[in-house]
Amino acid sequence: MTISIGDAVLCGGDARSQDGANYAMGPKDLVVDVQPGVSVREYVGSDRVQPEHVRCDTGNVSFGVARVFGTPDEALAWVRDSLPAQASEGQLKFGDSNVFGAKSAVTRRRAAVVGCTVWINYTIVG
C-alpha cells in the first residue's frame, strides 16, 4: 500500500523493489486512531446523555517504514538530507483513498539506521 502526504510518498508497499535501492517498504504496525467529533450533552431532567455530532473528527496514524540502501553512508546521507526535506503537511492518502483532509501534519519522524537500512516511524495527525 502506498502512503503519501502532500507530494511525499512515505511508503511504497510491502515488497522490495527490483533495484533494491531506497525503496520504502511497509507499512509496519499501521495504527489508525480516529476520534469522532461527538459532544455528549447532559440535559437537566434527561434520563440519559444525548450525543451530538459536532463535525470535528480528529485522528492520528502511526506506522513504520524500512528503506534499504547500497551502503551505510548512503543511508546516513538520506537521513541527513532527504528525511528533513519530506513534506510535513498535506492530504494523507492510502493509495488513492483520502484518509485525512488537506490539513494533515506529520508530528513525528523517528529514524534509526541499522547498517544499510533506515527504519522510520511516522506519526501523522489530521
Side-chain angles (χ1 to χ4, degrees):
M1 167 178 39
T2 301
I3 299 176
S4 61
I5 187 165
D7 60 355
V9 175
L10 306 179
C11 176
D14 294 329
R16 281 187 69 178
S17 65
Q18 295 302 312
D19 61 15
N22 189 16
Y23 184 75
M25 297 178 293
K28 181 179 183 295
D29 300 330
L30 176 67
V31 176
V32 179
D33 180 20
V34 177
Q35 299 89 33
V38 174
S39 180
V40 177
R41 310 277 188 201
E42 293 187 50
Y43 295 104
V44 176
S46 177
D47 63 346
R48 66 183 64 91
V49 297
Q50 303 292 324
E52 177 183 352
H53 195 272
V54 292
R55 299 194 184 274
C56 55
D57 296 353
T58 60
N60 61 55
V61 172
S62 60
F63 59 94
V65 173
R67 289 184 179 267
V68 180
F69 295 85
T71 66
D73 288 340
E74 290 175 3
L76 287 170
W78 187 87
V79 169
R80 182 189 66 229
D81 301 328
S82 298
L83 184 62
Q86 281 183 340
S88 58
E89 60 183 17
Q91 190 166 36
L92 179 65
K93 291 185 170 188
F94 290 176
D96 293 329
S97 302
N98 297 328
V99 179
F100 296 143
K103 299 216 179 222
S104 301
V106 177
T107 58
R108 183 175 184 182
R109 290 185 191 108
R110 184 172 185 264
V113 179
V114 181
C116 296
T117 304
V118 178
W119 290 95
I120 307 111
N121 290 311
Y122 293 98
T123 301
I124 300 167
V125 298

> Output the distance between atom CZ (Arg109) and atom OG (Ser88), rounded to the nearest 0.5 Å.
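Between atom CZ of Arg109 and atom OG of Ser88 there are 5.5 Å.
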
> First locate atom SG of Cys11, then atom CD1 of Ile3, and finally report the distance between them rounded to the nearest 0.5 Å.
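Atom-to-atom, Cys11:SG and Ile3:CD1 are 4.5 Å apart.
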
> Which atom pair, heavy atoms only, marks the closest approach of Pro27 to Phe63?
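Heavy atoms only, the tightest pair is CB-CB, 3.9 Å.
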
> Out of curiosity, Asn60 CG to Ser104 OG, how far, rounded to the nearest 0.5 Å?
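OG of Ser104 is found 11.0 Å from CG of Asn60.
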
> Where is the tightest heavy-atom contact between Val32 and Val34, given as atom of each residue plus distance?
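In this case the closest contact between Val32 and Val34 is CG1-CG2, 3.9 Å.
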
> Is atom CG of Asp96 surrounded by more than 12 heavy atoms (other residues, nucleotides or ligands) closer than 6.0 Å?
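Atom CG in Asp96 is not packed in, count stays at 12 or less.
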
> Rounded to the nearest 0.5 Å, how far does CG of Leu30 lie from OG of Ser62?
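Taking OG in Ser62 and CG in Leu30, the distance rounds to 7.5 Å.
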
> Do Lys93 and Thr2 touch side chain to side chain, with heavy atoms closer than 4.5 Å?
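Heavy-atom side-chain distance check fails, nothing below 4.5 Å.
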
> Strictly by ring-ring contact (aromatic ring centres under 6.0 Å, His included), give each pair with a member in residues 92-114 just once, sequence neighbours left out.
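Those involving residues 92-114 do not exist here.
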
> Show me the donor-acceptor pairs within less than 3.5 Å that the side chains of residues 110-126 make with the rest of the protein, sequence neighbours left out.
residue : atom : partner : partner atom : Å
Tyr122  : OH   : Gln86   : OE1          : 2.9
Tyr122  : OH   : Gln86   : NE2          : 3.2

> Got Val68 and Met25 here, is their nearest side-chain heavy-atom distance under 4.5 Å?
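With C-beta onward as the side chain, the pair touches.
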
> If you count the non-hydrogen atoms of other residues, nucleotides and ligands that lie under 6.0 Å from CG in Asp81, is the total more than 12?
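Buried by this count: over 12 neighbours within 6.0 Å.
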
> Taking it one step at a time, do Asn98 and Leu92 satisfy side-chain contact (heavy atoms from CB on, under 4.5 Å)?
CA-CA 6 Å; Asn98 297 328; Leu92 179 65; over 6 Å; no

> Taking a hydrophobic cluster as the set of Ile, Leu, Val, Met, Phe, Trp and Tyr residues connected by side-chain heavy atoms closer than 4.5 Å, whether directly or through intermediates, do Trp78 and Val9 fall within one such cluster?
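In one cluster: no.
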
